[in-house]
There are 2 protein chains.
Amino acid sequence: MAAQKRLNRDELVSTALAVVDAEGLEAVTIRRLAQHHEVTPMALYRHFPDKEGVLDAIAERLLSDVRCPEPDDRPWHEQMHDLMTAILDALMPHPNAATLLTLRILGCEPGLDLTERTLSLLFEAGMTREDAADTACQVLASLISLVVSEPGRAHGPDPDAQEEALRAKRALFLTLSPRRYPHLIASADALVSCASRDSYYRRGVLLLVTGLRGTVSLSAA
Amino acid sequence: MAAQKRLNRDELVSTALAVVDAEGLEAVTIRRLAQHHEVTPMALYRHFPDKEGVLDAIAERLLSDVRCPEPDDRPWHEQMHDLMTAILDALMPHPNAATLLTLRILGCEPGLDLTERTLSLLFEAGMTREDAADTACQVLASLISLVVSEPGRAHGPDPDAQEEALRAKRALFLTLSPRRYPHLIASADALVSCASRDSYYRRGVLLLVTGLRGTVSLSAA
DNA sequence: CTCGTATACCTACGACGTAGACGAAAGGCC
DNA sequence: GGCCTTTCGTCTACGTCGTAGGTATACGAG
């Protein structure tokens, strides 16, 4: 890839992210990253404490990609909708890496910012401290899981293997007993690879926002 | 642990699950499982195709622990509520293992059963095939993520290290700028370890069910 | 008793994360 | 320029991992 003598942390993270996107999380190894930069594996330890540190940095990169909308004076749920959409926009291109975020949001600055913003909207909606905390965690986690488990994702070394895996999955669905799994077979296509990414994510956000509005208003009553 | 000559697949899975629960996913190695059963590492390959196979089996075990309630003639959303609660009850004791489920639900029988049941309730609610498929994925993924990212979880080799990690996180929160993170600091306690597990999960289910009812009724209108 | 099959064992390989000591180069200060 | 300190990449080496390939044993059916 790049052949400079002086390593650069940001570029290391970029190639790490590229590897995750192309071949999955388990393809990220210290040795491979070093090879990409034509450098000894141990060189990376000048820039990261250990491999965990590399993964942490990938997570932070993803979170810092979120273009968090500024607060305005629209109702909280509209702002929440936009915030959630912004988060999804940042994560969607990196479904393999998104898994990393689940336990790392509160461990880096951009993650803290996002959480703060989410909490502030939930407070605005009238939630208590505890409810807001629990709910913020769930909302953020749900967004991540929406990306991670988007139907149609497969983890393989290369695109060929991934397509192959999809075909296999589809074939496997056809072998199921129609008596036992009628609904599953009816929705088979949509389950193995979602019909429209766009509507999948729009439904996801809608479900959460609707849930929030509903629970808030009934606890206010 | 057990010192029998004849290995037993179910018991292997049980000790694997025990290891995950106690020390996290990365502590599960072929060699350790073999050691627990006083056997050569290669012996395990008579019972699992490879390490992935072991993880698959753990996932399947978790899913088969779900005590799926029988269909009855209450409204769909009440049945959905109970189904979700049943799933959470099965996953809650194994937060470390729950991560495995995200990409494995559709890969084993108990997972298919659960998905079928979820789909059937969503159809009953009036959803289309595509909507039901997308929504079922999201609901199941959200339940899993609810468990995986329950506030207060830490991953360490032993309970001491985990408690230590919690203390560290709490301390880190106190160093945050109150100007920049007012809401986050206000909810700090609940974020680092949730006040009441019970209400955390109840809120989680409520949020989803409310969201479902809301989106269904508005698409019907 | 015999023989096929299932099971466990042994040996060995390559990839991984990373500790520790070392050398070279960059940058600040006179 | 000359020097010194800090930074950064290199080298060597260790222990652990997953697992391929071949071998030994024990059991059940004929």
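Lettering follows sequence order; numbering is per chain, from 1.
Atom-to-atom, CD1 of A/Ile30 to P of C/dT18 comes out at 6 Å; the value is rounded to the nearest Å. Here the C1' atom of nucleotide C/dA6 and the CE atom of B/Met42 are 15 Å apart, to the nearest Å. Nucleotide C/dT7 holds its P atom 6 Å from the NE2 atom of B/His47, rounded to whole Å. Atom CD of A/Glu26 and atom C1' of C/dA15 are 14 Å apart (whole Å). The CZ atom of A/Arg46 sits 11 Å away from the C1' atom of C/dG20 (whole-angstrom rounding). Atom-to-atom, CZ of B/Arg9 to P of C/dA8 comes out at 13 Å; the value is rounded to the nearest Å. Atom NE2 of B/His37 is separated from atom P of C/dC9 by 12 Å (rounded to the nearest Å). The nearest whole Å value for the distance from the CG atom in B/Leu33 to the C1' atom in C/dA8 is 16 Å.
For the pair B/Thr40 and C/dC10, the criterion of a side-chain N or O lying under 4.0 Å from OP1 or OP2 is met.
Of all nucleotides in DNA chain D having an atom under 4.0 Å from a heavy atom of chain B, the first and last in 5' to 3' order are D/dC17 to D/dG21.
B/Thr40 is linked by a side chain to side chain donor-acceptor pair (under 3.5 Å) to nothing, counting only residues two or more places apart in sequence or in another chain. Take B/Asp82 and apply the salt bridge (charged side-chain N to carboxylate O under 4.0 Å, His left out) test, not counting sequence neighbours, and it matches B/Arg74. Not counting sequence neighbours, B/Arg9 has no partner by the salt bridge (charged side-chain N to carboxylate O under 4.0 Å, His left out) test. Annotation: side chain to side chain donor-acceptor pair (under 3.5 Å) contacts of A/Asp10 (sequence neighbours excluded): none. Partners of B/Glu52 according to the side chain to side chain donor-acceptor pair (under 3.5 Å) rule, which considers only residues two or more places apart in sequence or in another chain, are B/Arg104.
Evaluation of the salt bridge (Lys or Arg N to Asp or Glu O under 4.0 Å) test over residues 28-37 of chain A, restricted to residues two or more places apart or in two chains, returns A/Glu23-A/Arg32.
Each of B/Leu44 and B/Arg31 was matched to the nucleotide of DNA chain C holding its nearest heavy atom; the match closer to the 5' end belongs to B/Leu44.
Residue B/Ala43 is in sugar-phosphate contact alone, with no base atom involved, counting any heavy-atom pair closer than 4.0 Å across all strands shown.
Between A/Glu150 and A/Arg197, at least one side-chain N (NZ, or NE/NH1/NH2) sits under 4.0 Å from a carboxylate O, which counts as a salt bridge.
Distance alone, capped at 3.5 Å, is enough to place a donor-acceptor pair between the B/Lys51 side chain and the B/Val28 backbone.
Contact check of residues 48-61 of chain B against DNA chain C (heavy atom, cut-off under 4.0 Å) returns no residues at all.
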Would you be so kind as to tabulate the donor-acceptor pairs closer than 3.5 Å made by side chains of residues 135-148 of chain B, with sequence neighbours excluded?
| unit_1 | atom_1 | unit_2 | atom_2 | d |
| --- | --- | --- | --- | --- |
| B/Thr135 | OG1 | A/Arg203 | NE | 3.2 |
| B/Thr135 | OG1 | B/Asp131 | O | 2.6 |
| B/Gln138 | NE2 | A/Gly204 | O | 3.3 |
| B/Ser142 | OG | A/Ser142 | OG | 3.3 |
| B/Ser142 | OG | B/Gln138 | O | 2.9 |
| B/Ser145 | OG | B/Ser142 | O | 3.0 |

